[in-house]
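Note that the structure is a prediction, hence the values are computed from the model and not measured. Positions are given from 1 along the sequence.
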Amino acid sequence: TPLKLAKALQEAGVPIWGTPFDAIDLAEDRERFGRLLDKLGIPQSEHGFAYSLDEARQVAARIGYPLLVRPSYVLGGRAMAIVYDDEALSTFGEEAKVAAEGRAFLLDRYLEDAVELDVDAVGDGRHVVIGGVMEHIEEAGVHSGDSACVLPPFRVPAAELATVRDYTIRLGQALGVKGLLNVQFAIQGHRVYVLEVNPRASRTVPFVSKATGVPLAKVAARVMAGQTLEAAGLPGEPAVYGYFVKEAVLPFRKLPGSDARLGPEMHSTGEVMGHAPDFAHAFAKASLGAGEDLPDRGMALLSVNDNDKRFVVNLGHDLRDLGFGLVATHGTAAKLAEAGLPVRSVNKVAQGSPHVVDLIRQGDVQMVINTPIGSMAFEDGAEIRLTALRQRVPLVTTISAALAVVGAIRAVRQEALAVRSLQEHYRLSGASGEE
């Protein structure tokens, strides 16, 4: 809303503190933003712009599927979708066209198997200082508001992190940001792509501020009022001690009939934070805080898409090592059996009883790992996910999150969770913890 109001306010002669309106428009208008990235030599995924479905189909023919479709000037991932075919493009492209309100909507090549990063920073018009770099647990394509994330990153090599910091600073300076800045990246292979730049406060600012002990909103307000970053108390990137995990609180259990399927459009209604010296314990705390119990034993049901079958064998070995029994739909079970893992094969719902939903209803399953993909996911997996929610069986919908859950279960078995306050953490680490 404030981004949309900025133009009218400026035209009415109202002074606007902070980042100039033209910089806001440059970052939000996907077409202008694409030209800025080209000028700076910063990679972005192959993309195109469209004002109509016919133009969108032409872009799809040039780039190929899957595509991420998104309008400009929206928050929460509204009208964003990953599309895998012409039929889905017709449906979601029309939604994006309406949400774009006369502006172009963007079609990006969807970066599969990419790691996504969020960066919060503050600029004073000349200099940009990074507040924190966060790594998403879920792969790129899940909205940042729904993905768990960890500060600092724990899987990304130092070279890629250096590139992320460099791109953030250069973009903030090119836009002349005065105040808060959020940049989202995807790393595929060893290449860093910029997904989007938001010259405003992001939902992760409170999380980063609590983790580092540096009040970013206070610093940004002082900068917008005319102070330099150094005078406002942020001369450089703050240190982070230990690991902080942000986990989304999702509403699916309170919305009967909803499909617990994560994607580009945001569903989260809140978030929690867990802290520990290592990632696994921090993730365990965040999961518990979000109301997601970690199962300690029992039967794990696996039903994963074809793209994830290459990861499912390692996941199966990890679960067996922890003492879990394995049950899987036929395709997933075949992959596990090929690797010598003992697994019970079970029907999908459409294949008739006894099927996966029967097992969940009977209380025979203590954890469900179901990774949907594409348009068929609504039909094939929706009932599995819905039944798991109704039965309050822990449900994981991405392989990356499943690996994190398994690591957390292992860590808690080896060493019980311990608790200390943020104030005690600040005192022991030397962070300021300023309110």
Side-chain angles (χ1 to χ4, degrees), residues 84 138 250-263 267 287 290-410 413:
Y84 291 84
E138 280 78 15
L250 298 164
F252 302 123
R253 285 199 177 99
K254 297 183 180 180
L255 299 174
S258 62
D259 186 2
R261 183 175 187 248
L262 299 181
H267 298 88
S287 297
E292 299 295 332
D293 293 333
L294 296 174
D296 187 57
R297 60 183 57 82
M299 188 69 69
L301 168 64
L302 292 87
S303 181
V304 306
N305 66 64
D306 288 341
N307 287 353
D308 287 339
K309 284 188 170 63
R310 57 203 157 118
F311 304 113
V312 79
V313 171
N314 286 340
L315 181 61
H317 278 297
D318 288 343
L319 287 166
R320 285 292 299 172
D321 290 345
L322 290 170
F324 283 87
L326 302 179
V327 59
T329 48
H330 296 311
T332 304
K335 191 72 176 177
L336 293 168
E338 281 176 20
L341 284 163
V343 57
R344 174 184 169 189
S345 185
V346 65
N347 288 342
K348 292 182 179 180
V349 176
Q351 295 166 331
S353 292
H355 51 59
V356 286
V357 168
D358 293 330
L359 290 181
I360 300 171
R361 285 177 180 154
Q362 292 162 10
D364 296 336
V365 172
Q366 282 66 53
M367 176 165 56
V368 174
I369 299 169
N370 173 244
T371 66
I373 191 171
S375 56
M376 288 300 292
F378 288 103
E379 299 172 22
D380 292 343
E383 196 165 352
I384 295 175
R385 298 187 292 275
L386 180 60
T387 306
L389 290 171
R390 283 176 175 165
Q391 300 297 121
R392 300 195 69 82
V393 176
L395 170 67
V396 186
T397 58
T398 66
I399 284 289
S400 51
L403 293 169
V405 167
V406 168
I409 294 170
R410 183 186 299 110
R413 281 190 187 179

- Nearest heavy atoms of Val313 and Ala339, plus distance in Å: CG1-CB, 3.5 Å

- Task: Give the minimum heavy-atom separation between Asp358 and Ser353, together with the two atoms involved.
- Result: OD2-OG, 2.9 Å

Find out whether [X] and [Y] are in side-chain contact, i.e. whether some heavy atom of one side chain is under 4.5 Å from a heavy atom of the other.
| X | Y | result |
| --- | --- | --- |
| Leu319 | Ile369 | yes |
| Val365 | Gln391 | no |
| Ile409 | Phe324 | yes |
| His330 | Gln351 | yes |
| Arg413 | Leu322 | yes |

- Query: Can you name the residues that form a salt bridge (Lys or Arg N to Asp or Glu O under 4.0 Å) with Lys335, not counting sequence neighbours?
  - Reply: none

- Taking only residues two or more places apart in sequence or in another chain, which ones pass salt bridge (Lys or Arg N to Asp or Glu O under 4.0 Å) with Asp364? none

- Query: Is Arg410 salt-bridged to Asp318, cutoff N-O under 4.0 Å?
  - Reply: yes

- Query: Near Arg297 CZ, under 6.0 Å, is it more than 12 heavy atoms from other residues, nucleotides or ligands?
  - Reply: no

- Query: Judged by atom type as modelled, is there a donor-acceptor pair below 3.5 Å linking the side chain of Thr332 to the main-chain atoms of Val304?
  - Reply: yes

- Check for a donor-acceptor pair, side chain of Thr371 on one end and backbone N or O of Asn305 on the other, with a separation under 3.5 Å. yes

